[in-house]
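Have a look at the structure below, then the notes.
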Amino acid sequence: LPRLRGEGRRLGIVTAKRHRTVALAFDRFPQLDEHFAVVIAFEDTGTLKPSGQPFRELLARMDLTAGEMLMVGDWPERDMVGASKVGIRTVFARYGDTKNTTHSGADYEIDDIIELLPILEALNAGALDVGYTGDLSFLTVYAAGAPIKAIGGTRSPDAFQMELGK
């Protein structure tokens with residue numbers, strides 16, 4: 001996360017949880033809060049993934065088009081389908097898959113979050129922003145920049161802690 005922000009990428013979150021629950025996670029891991037510009041929680045749209053509405057709301061609040069965002073997630077039926085409904089390119093994070101998914105339907109698949117960097121470079125020569133989809137164990141996170149401004153991936157709170165410690 002620090003590397004992505006250091007490259008000028010804005011991060012955002014889409015989650016089925018409520019803002020209050022997200023705040024509890026940020027209270028537990030306060031260093032995470034500073035990384036995220038936007039949080040779209042259930043009460044923001046009243047709909048859950050795979051509805052496209054939470055993704056549209058994220059795009060609106062980050063002032064992005066679908067072509068400027070890349071979604072990384074570990075739940076194809078929710079993350080890939082929801083993002084795809086509004087035209088956002090997707091990355092399946094196999095490292096977070098707990099369902100032994102054989103077909104994710106994503107545009108890209110990765111086994112480690114570090115594999116996201118070459119994808120970003122290939123898509124727009126490093127001018128992308130990144131985000132995550134996943135949990136904390138429940139948050140879906142996205143990032144924004146230009147022209148790809150958002151990406152998602154899955155991390156547990158401990159994994160986020162380790163990433164921040166690097």
Side-chain angles (χ1 to χ4, degrees), residues 1-2 4-5 7-93 96-99 104-108 113 116 120 123 128-161 163-164:
L1 296 178
L4 296 172
R5 278 194 62 224
E7 293 174 356
R9 303 180 198 292
R10 293 178 294 142
L11 303 176
I13 296 172
V14 172
T15 181
K17 303 300 182 195
R18 296 188 175 274
H19 280 286
R20 182 176 177 180
T21 306
V22 174
L24 291 172
F26 284 158
D27 286 347
R28 183 171 176 204
F29 301 100
Q31 66 275 38
L32 290 178
D33 188 24
E34 68 188 47
H35 291 286
F36 302 105
V38 177
V39 175
I40 303 301
F42 171 73
E43 63 265 35
D44 291 315
T45 64
T47 60
L48 299 171
K49 300 177 289 182
S51 166
Q53 190 54 39
F55 297 96
R56 281 190 285 278
E57 184 66 21
L58 180 67
L59 290 169
R61 290 200 193 170
M62 295 186 90
D63 194 27
L64 302 172
T65 66
E68 295 173 314
M69 182 175 285
L70 181 63
M71 206 302 276
V72 179
D74 64 355
W75 195 335
E77 294 83 5
R78 292 188 181 187
D79 301 329
M80 304 305 116
V81 171
S84 294
K85 281 181 179 178
V86 298
I88 298 170
R89 287 175 281 188
T90 58
V91 178
F92 178 58
D97 180 31
T98 59
K99 300 174 182 7
S104 70
D107 298 302
Y108 306 92
I113 192 64
L116 187 57
L120 290 172
L123 287 173
L128 297 180
D129 289 331
V130 179
Y132 286 14
T133 170
D135 268 344
L136 274 193
S137 16
F138 55 79
L139 300 178
T140 301
V141 178
Y142 302 86
I148 297 283
K149 299 184 178 179
I151 300 176
T154 303
R155 283 285 188 254
S156 69
D158 293 334
F160 273 123
Q161 285 264 127
E163 183 88 13
L164 288 168

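All figures in this text were calculated on a predicted structure; none of them were measured in a lab.
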State the OG1-CD1 distance between Thr65 and Ile88, to the nearest 0.5 angstrom. 9.0 Å

With no hydrogens and no angle check, is any side-chain donor or acceptor of Arg18 less than 3.5 Å from a backbone partner on Phe42? no

In short, Phe26 meets Ile13 closest at the heavy-atom pair CZ-CD1, 3.6 Å

My understanding is that only residues two or more places apart in sequence, or in another chain, count here; which of them pass side-chain contact (heavy atoms from CB on, under 4.5 Å) with Ala106? Met80, Thr90, Phe92, Ser104

So, do Leu58 and Met69 sit near enough that their side-chain heavy atoms are less than 4.5 Å apart? yes

Test salt bridge (charged side-chain N to carboxylate O under 4.0 Å, His left out) applied to Asp97 - qualifying residues, sequence neighbours left out: none

All heavy atoms of Gln31 vs all of His35, minimum pair found to be O-CD2, 3.0 Å

Hey, could you give me the CD1/NE2 distance between Ile40 and His19, rounded to the nearest 0.5 Å? 6.5 Å

Nearest atoms (heavy-atom pairs only) where Val22 meets Thr15: CG2-CG2, 3.7 Å

How far apart are the closest heavy atoms of Asp44 and Ala41, and which atoms are they? OD2-N, 2.7 Å

Closest non-hydrogen atoms of Asp79 and Phe55, given as atom of the first, atom of the second and distance, are O-CZ, 4.0 Å

Taking the side chain as every heavy atom from C-beta outward, state whether Pro54 and Thr47 have any atom pair closer than 4.5 Å. yes

Which residues satisfy the side-chain contact (heavy atoms from CB on, under 4.5 Å) test with Val81, sequence neighbours excluded? Pro50, Lys85

Nearest heavy atoms of Val38 and Arg61, plus distance in Å: CG1-CB, 4.0 Å

Taking atom OG1 of Thr45 and atom CZ of Arg56, what is their separation to the nearest 0.5 Å? 9.5 Å

